[in-house]
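Comments concern the structure below.
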There are 2 protein chains.
Amino acid sequence: MKILIADDDPQMLRALRITLGARGYDVVTAADGRAALDAAIESHPDVVVLDLGMPGLTGIEVIEAIRGWSQVPVLVVSGRSESWDKVEALDAGADDYVTKPFSADELLARIRALSRRTPAPADEPTVSFGDVTVDLSSHVVTRDGASVRLTPTEWRILEVLLRHRDKLVTRETLLTEVWGPQYTTDTGYLRLYLSQLRKKLEPEPSAPRYLLTEAGMGYRFTTA
Amino acid sequence: MKILIADDDPQMLRALRITLGARGYDVVTAADGRAALDAAIESHPDVVVLDLGMPGLTGIEVIEAIRGWSQVPVLVVSGRSESWDKVEALDAGADDYVTKPFSADELLARIRALSRRTPAPADEPTVSFGDVTVDLSSHVVTRDGASVRLTPTEWRILEVLLRHRDKLVTRETLLTEVWGPQYTTDTGYLRLYLSQLRKKLEPEPSAPRYLLTEAGMGYRFTTA
DNA sequence: CGGTGACCGTTCGGATTTCGTTAGGACGAG
DNA sequence: CTCGTCCTAACGAAATCCGAACGGTCACCG
């Protein structure tokens, strides 16, 4: 069970890491909103404990961003106890709201209650990288929450690359898988579709982070 | 959305009934533990708001009894704010714990958060989008209150699309599900029926909002 | 150091496929 | 016969595919 803790107070972070770690939880930490988002994407936590008063992004923005691609339970921790703050956070997508100071026992019990509610997703047919998520089963691609439209050929190429994630896919493999066994040499259109995929999925299409080219060999998809 | 409120304080009961009723919730009440259990069985609420300090059964016993047969979200309301009380209630199966006094807004937000988490019942007999309602079990479609008449083929197509909501349904799947396994390629009638369905269900048939087409791949029903 | 060629990314535009829609005929039930 | 449903045919519109060409980068070599 992995938990992401986002708080700007180093002391709080340390205390929670120790408390939760002692209960056998796998703890990941972040000290500001941006880092929290990145960590949520990278490490796929089972529960997120989020402090609202962080520098950078507001807590609300972090919640909404997470909700854009994930259903992970979010437990908000905040010094503010006004009911309006609670309503805003909960309606943004948070699942629980605890005001400081709180007891470690209560936090743990609430975490248990939350994780009880989310029966481990059977299998994960969805791949996430950057602000993009790809759902292989329902053929849905979203970026920043908005859905991205792919043509059939683009989809087939992405599918092949994702299936061989982190591995090199030769040009020939790609051609035969997408266009059929008789196609074996690229006459130029493979480069074309890779270009379009990067334009639609990469944060900076000119400096690909996920859809990489291996000169002379082929292509490789990686999340690292 | 039906809510069961169990509290021994008549004033609190009345206040909650009014508050929740004003938000469009269907409210059922009970004044002691036994009555709460009975009501939970009888009326199948979508959310239970449970006061711990009731005569008769203890709140914990009520929670455990409910959990014996139901996964309905339980929100505990209590005057006791000791962390031990919270832990006990949450570990017994409660999903949230609010201490009195609390604001109505917060309670409502927490109820919304809980019901958001409630897994959609496996077979959802009715689907609504725009001003259209489709009752899968009784094969009735209404639009703006008036009933819409669908031909058998139109109905079968709509049913398949609704069953795979938000997912892409390939042309081939649609054909085999509606016309039989031997039909595998579209000779034109699929487009025809989609056109007719849109004419009957879409607010603007020329700019579909729910019955979307994915060029080269198939169709998709979505409410978003 | 400049030239050269291989390789890759990108743009453009026309060919091709796919889609939406209308019109009308075939077929069976009442 | 009449009506409702299913299906074929046809055509304009839209989306997609893909060939061709241009520019950039990099390794290699004279």
Side-chain angles (χ1 to χ4, degrees), chain A residues 139 141 147-161 168-180 182-221, chain B residues 139 141 147-161 168-180 182-221:
Chain A
H139 282 227
V141 179
S147 90
V148 176
R149 185 158 171 53
L150 296 187
T151 71
T153 306
E154 287 164 2
W155 174 261
R156 264 177 267 144
I157 292 176
L158 182 63
E159 204 176 17
V160 173
L161 288 175
L168 173 74
V169 182
T170 67
R171 219 168 278 285
E172 187 183 333
T173 303
L174 225 28
L175 283 165
T176 57
E177 294 249 5
V178 172
W179 278 273
Q182 61 272 37
Y183 293 81
T184 170
T185 56
D186 178 24
T187 65
Y189 36 88
L190 229 185
R191 298 177 305 184
L192 179 78
Y193 285 110
L194 257 296
S195 171
Q196 292 182 343
L197 271 178
R198 293 207 252 245
K199 229 186 302 184
K200 291 183 179 178
L201 303 181
E202 287 278 1
E204 282 183 48
S206 56
R209 242 182 95 186
Y210 309 106
L211 271 24
L212 308 181
T213 299
E214 304 274 330
M217 307 277 205
Y219 294 91
R220 179 199 307 275
F221 167 81
Chain B
H139 287 216
V141 180
S147 95
V148 176
R149 186 164 170 60
L150 296 187
T151 72
T153 306
E154 287 165 0
W155 171 260
R156 262 177 274 146
I157 292 175
L158 182 64
E159 194 180 22
V160 173
L161 287 174
L168 175 82
V169 183
T170 66
R171 210 167 292 282
E172 186 183 332
T173 302
L174 222 31
L175 284 165
T176 57
E177 295 251 358
V178 173
W179 278 274
Q182 62 272 33
Y183 293 82
T184 173
T185 56
D186 178 24
T187 65
Y189 36 88
L190 230 185
R191 299 178 305 190
L192 179 72
Y193 285 110
L194 257 295
S195 174
Q196 292 181 345
L197 271 177
R198 291 207 254 245
K199 234 185 297 185
K200 291 184 179 178
L201 303 181
E202 287 278 0
E204 282 184 49
S206 57
R209 245 183 91 186
Y210 308 106
L211 271 23
L212 308 180
T213 137
E214 306 268 328
M217 303 198 269
Y219 293 92
R220 180 201 308 278
F221 167 80

Sub-4.5 Å side-chain heavy-atom contact between A/W155 and A/V141: yes
Closest to the B/T153 side chain, choosing from C/dC12, D/dC6, D/dT16: D/dC6
Using the side-chain heavy atoms of B/A215, tell me which of these nucleotides is nearest: C/dG9, D/dT16, D/dA10. D/dT16
Taking for each residue the nucleotide of DNA chain D with the nearest heavy atom, is it A/Q196 or B/R149 whose nucleotide lies nearer the 5' end? B/R149
Indicate, with a heavy-atom threshold strictly under 4.0 Å, whether B/G188 touches base, sugar-phosphate, or nothing. nothing
Assign the ring pair A/Y189 / A/Y183 to parallel, tilted or perpendicular, where the plane angle (0 to 90°) is split at 30° and 60°. perpendicular
Using whole Å, what does the distance between atom C1' of nucleotide C/dG9 and atom CD of A/E204 come to? 16 Å
Can you find a side chain N or O atom of B/Y219 that sits less than 4.0 Å from OP1 or OP2 on C/dG20? yes
Quick check on the helix from C/dC1-D/dG30 to C/dG30-D/dC1: what's the angle between its two end axes, five base pairs per end, to the nearest 10°? 20°
Do the non-hydrogen side-chain atoms of A/L174 and A/L161 ever get within less than 4.5 Å of each other? yes
Nucleotide D/dG4, atom C1' - distance to CG of B/L150 in whole Å: 14 Å
C/dC19 phosphate, OP1 or OP2, under 4.0 Å from B/T213 side-chain N/O: no
Heavy atoms under 4.0 Å, any strand shown: does A/L194 hit a base, just sugar-phosphate, or nothing? nothing
Tell me the interatomic distance from B/Y189, atom OH, to D/dA10, atom P, rounded to whole angstroms. 17 Å
Taking the nucleotide of DNA chain C with the closest heavy atom to each, which residue, A/S206 or B/K199, is nearer the 5' end? A/S206
Let me know the distance between CZ of A/R198 and P of C/dG9, rounded to the nearest Å. 5 Å
Whether the side chain of B/R156 engages the backbone of B/V178 through a donor-acceptor N/O pair (distance < 3.5 Å, no angle test) should be reported. yes
Using OP1 and OP2 only, check whether a side-chain N or O of A/S195 sits under 4.0 Å from C/dT10. yes
To the nearest angstrom, the CG-P distance between B/L190 and C/dT18 comes to 14 Å
Kindly say if A/R191 contacts the phosphate of C/dT10, meaning a side-chain N or O under 4.0 Å from OP1 or OP2. no
Using a cut-off of less than 4.0 Å, is there contact between a side-chain N or O of B/Y193 and OP1 or OP2 of D/dT8? no
Calculate the interatomic distance between B/L212 atom CG and C/dC19 atom P; express it in whole Å. 14 Å
Any heavy-atom pair between the side chains of A/L168 and A/F221 that's under 4.5 Å? no
Beyond-backbone contact of B/R220 with B/V169, side-chain heavy atoms, under 4.5 angstrom: no
Mind calculating the distance between NZ (B/K200) and P (C/dT21) to the nearest angstrom? 14 Å
Kindly say if A/R171 contacts the phosphate of C/dC7, meaning a side-chain N or O under 4.0 Å from OP1 or OP2. no
Min side-chain heavy-atom separation A/L190-A/R171 under 4.5 Å: yes
side-chain N/O A/T151 vs D/dA15 OP1/OP2, d < 4.0 Å: no
Nearest-Å distance, CD (A/E214) to C1' (C/dC8)? 13 Å
Heavy-atom side-chain proximity of B/L175 to B/T184 below 4.5 angstrom: no
Of the nucleotides D/dC7, D/dC17, D/dG19, which one has an atom closest to the side chain of B/L192? D/dC7
side-chain N/O B/T187 vs D/dT8 OP1/OP2, d < 4.0 Å: yes
Would you give me the side-chain donor-acceptor pairs under 3.5 Å for residues 198-210 of chain B, sequence neighbours excluded?
from, atom 1, to, atom 2, distance (Å)
B/R198, NH1, B/L211, O, 2.3
B/K200, NZ, B/R149, O, 2.9
B/K200, NZ, B/E154, OE1, 2.8
B/K200, NZ, B/E154, OE2, 3.4
B/E202, OE1, B/R209, N, 2.9
B/E202, OE2, B/R209, N, 3.1
B/E202, OE2, B/Y210, N, 2.7
B/E202, OE2, B/L211, N, 2.9
B/Y210, OH, B/G130, N, 3.2

Below the 4.0 Å mark, does D/dC6 have OP1 or OP2 next to a side-chain nitrogen or oxygen of B/W179? no
